[in-house]
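Worksheet: one structure, shown below.
Counting starts at 1 for both ligands and their atoms, in listed order.
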Amino acid sequence: MNRWSDTFPLFPERATELAREIDNLYFFALGLTAFFSLLIAVLVFYFAIRYRRQHEDEVGKPEKAGIWLEVTWSVIPLVILLGMFAWGAKVFFEARRPPSDAIEYYVTGKQWMWKMQHPDGRREINQLHVPVGQSIKLLMTSEDVIHSFFVPAFRVKMDVLPGRYTTLWFRADKVGTYRLFCAEYCGAEHSYMGGSIIVLEPRDYEAWLAGRTTQPQRVATGEELFTRLACDTCHRSTSAVQAPILNGIFGHMVRLADGSEVLVDENYLRESILNPGAKLVEGYLAVMPTAQGKVSEEELLQLIRYLKSLTPETAAASAAPAATTEASAEEPGS
Ligand code: HEC
Ligand SMILES: [Cu+2]
């Protein structure tokens with residue numbers, strides 16, 4: 001793994017496979033453009049001298065280049081550029097698509113700090129401990145202005161926006177501490193808004209988790225919030241109000257009152273909770289109260305995490321004693 005590019009001093013450290021892939025692509029593009037720039041510069045000088053005017057009354061004669069020459073210098077660059085495009089697209093999709101085994105962590109940006117949450121609601125400020133070799137997906141939002149989450153050693157950067165979620169993923173393959181920056185000017189103390197990603201051996205990560213007792217208070221779990229905010233008074237199969245069963249909706253399409261269909265993703269769940277009237281589910285009344293002002297961004301992340309964890313099986317289990325009401329709740333329109 002000790003390639004020359006791993007020690008090249010002008011570049012930030014590389015701690016993910018993606019970082020190496022991005023750098024390879026970058027160096028290839030740089031090398032290729034340098035090669036052709038040089039070639040063209042040399043030829044310009046060479047031709048200028050080789051075909052210079054020899055005596056005063058010399059008249060230039062038109063040159064007829066064969067078609068094969070035109071074709072050659074069009075097709076070769078075309079093939080090279082299409083190759084670069086395909087390579088770039090491959091790396092881009094890898095960078096954008098989290099692998100299916102990625103574990104989700106949460107990030108909330110705020111003037112001027114990064115609030116991190118582990119899947120179990122454990123919190124950290126300006127620091128995130130993660131196990132090495134594990135794919136990590138970050139679901140991120142901001143409490144105020146636009147920030148940007150940038151870890152040079154991982155070659156990942158993503159804007160963090162108020163009012164919606166963006167994601168980013170990485171898999172660190174080297175234990176160590178890597179700098180985190182805010183890469184979007186966000187106010188007076190923007191330049192201090194940073195932190196570190198601490199990559200540990202899985203064993204050390206477990207020990208670190210176990211040793212955390214006097215830390216910033218953990219965020220309430222989504223399940224606690226679901227009861228505390230009285231979501232369960234409507235969204236249980238046993239409840240009197242007719243509301244959609246939330247189990248198993250994540251990742252599927254849902255039909256809305258206006259006839260359109262939307263994909264249930266994190267941003268849809270967020271909007272459904274904060275602004276229930278914006279997208280009304282077909283066959284239901286607009287009776288759901290907004291949770292705006294009752295949940296923090298950090299709690300909202302846990303609530304969404306809980307909704308995503310609800311499977312049709314858990315619904316059946318909790319609804320077992322009330323099978324008849326569930327049947328009627330499931331077909332609201334009919
Ligand atoms: C007063 C009853 C009521 C309460 C309380 C309530 N909801 Fe709803 N909810 C509804 C109804 C009715 C709908 C369907 C109409 C709509 O889309 O607004 C709905 C829709 C939703 C949807 C979209 C479901 C889908 O299939 O697309 C989500 C997600 C949701 N609620 C989550 C919550 C959460 C989380 C809470 C607690 C913070 C909550 N609800 C509290 C009645 C309620
Ligand atoms: Cu910032």
Identify the protein heavy atom lying closest to [atom], giving its residue, its atom name and the separation to 0.1 Å.
{"atom": "atom 16 (C) of ligand 1", "value": "L280 CD1, 3.5 Å"}
{"atom": "atom 27 (O) of ligand 1", "value": "Y268 OH, 2.5 Å"}
{"atom": "atom 34 (C) of ligand 1", "value": "C231 SG, 3.4 Å"}
{"atom": "atom 24 (C) of ligand 1", "value": "L246 CD2, 3.6 Å"}

Should one rank C234, A278, G222, P244 by closest heavy-atom distance to atom 43 (C) of ligand 1, which comes out on top?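 Looking at heavy atoms only, C234 sits closest to atom 43 (C) of ligand 1.
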Considering only heavy atoms, which of S272, G277, P289 lies nearest to atom 23 (C) of ligand 1?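 Of the listed residues, S272 has the closest heavy atom.
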On the 0 to 90° scale, with breaks at 30° and 60°, tag the F181-F150 ring pair as parallel, tilted or perpendicular.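 Tilted: the ring planes of F181 and F150 meet at 30° to 60°.
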Which of parallel (below 30°), tilted (30 to 60°) and perpendicular (above 60°) describes H235 and F226?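 Tilted: the ring planes of H235 and F226 meet at 30° to 60°.
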Strictly below 4.0 Å, N to O, side chains only: are [X] and [Y] in salt-bridge contact?
{"X": "R203", "Y": "E206", "value": "no"}
{"X": "K115", "Y": "E143", "value": "yes"}
{"X": "E21", "Y": "R14", "value": "no"}

Is it true that D159 and S148 share a donor-acceptor pair across their side chains at a distance under 3.5 Å?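 Judged by distance alone, the side chains do pair up.
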Applying a heavy-atom cut-off of 4.0 Å, say which part of L269 lies close to ligand 1: side chain, backbone, both or neither.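 Within the 4.0 Å criterion, L269 contacts ligand 1 through side-chain atoms alone.
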V281 contact mode with ligand 1 (heavy-atom cut-off under 4.0 Å):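 Near ligand 1, V281 shows its backbone as well as its side chain.
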Is the closest heavy-atom distance from K294 to ligand 1 below 4.0 Å?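 No, K294 has no heavy atoms under 4.0 Å from ligand 1.
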Test item, V264 contacting ligand 1 (heavy atom, 4.0 angstrom):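 V264 does not count as a contact of ligand 1 under the 4.0 Å cut-off.
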Mind checking the [atom1]-[atom2] spacing from [X] to [Y]? Nearest 0.5 Å is all I need.
{"X": "I197", "Y": "L180", "atom1": "CD1", "atom2": "CG", "result": "5.0 Å"}
{"X": "Y105", "Y": "L138", "atom1": "OH", "atom2": "CG", "result": "9.5 Å"}
{"X": "F154", "Y": "R179", "atom1": "CZ", "atom2": "CZ", "result": "13.5 Å"}
{"X": "L225", "Y": "Q302", "atom1": "CG", "atom2": "CD", "result": "8.0 Å"}
{"X": "S135", "Y": "E104", "atom1": "OG", "atom2": "CD", "result": "13.0 Å"}

Without swapping roles, check the side chain of N267 against the backbone of Y165 for a donor-acceptor pair under 3.5 Å.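 Indeed, once roles are kept as given, a pair shorter than 3.5 Å links the two residues.
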Mind running ring-ring contact (aromatic ring centres under 6.0 Å, His included) on F11 and F27 for me, showing each step along the way? CA-CA 11 Å; F11 272 72; F27 284 124; 5.0 Å; yes
Other residues, nucleotides, ligands: >12 heavy atoms within 6.0 Å of Y26 OH: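 Open.
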[X] neighbourhood, listing ligand 1 atoms whose heavy-atom distance to it stays under 4.0 Å:
{"X": "V287", "result": "1 (C), 12 (C)"}
{"X": "Y284", "result": "14 (C), 15 (C)"}
{"X": "L285", "result": "12 (C), 15 (C)"}
{"X": "A230", "result": "5 (C)"}
{"X": "P276", "result": "18 (O)"}
{"X": "K279", "result": "17 (O)"}
{"X": "I273", "result": "35 (C)"}

Quick one: angle H235 NE2 - atom 8 (Fe) of ligand 1 - M288 SD, to the nearest 10°?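 That angle works out to 170° after rounding to 10°.
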Measuring from the Cu ion (ligand 2), count protein N/O/S atoms under 2.8 Å, please.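 Atoms of protein N, O or S type lying less than 2.8 Å from the Cu ion (ligand 2) total 4.
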Can you list, pair by pair, the side-chain donor-acceptor contacts under 3.5 Å of residues 65-91, counting residues two or more places apart and other chains?
| from | atom 1 | to | atom 2 | distance (Å) |
| --- | --- | --- | --- | --- |
| T72 | OG1 | W68 | O | 2.5 |
| S74 | OG | E70 | O | 2.8 |
| K90 | NZ | E94 | OE2 | 3.2 |

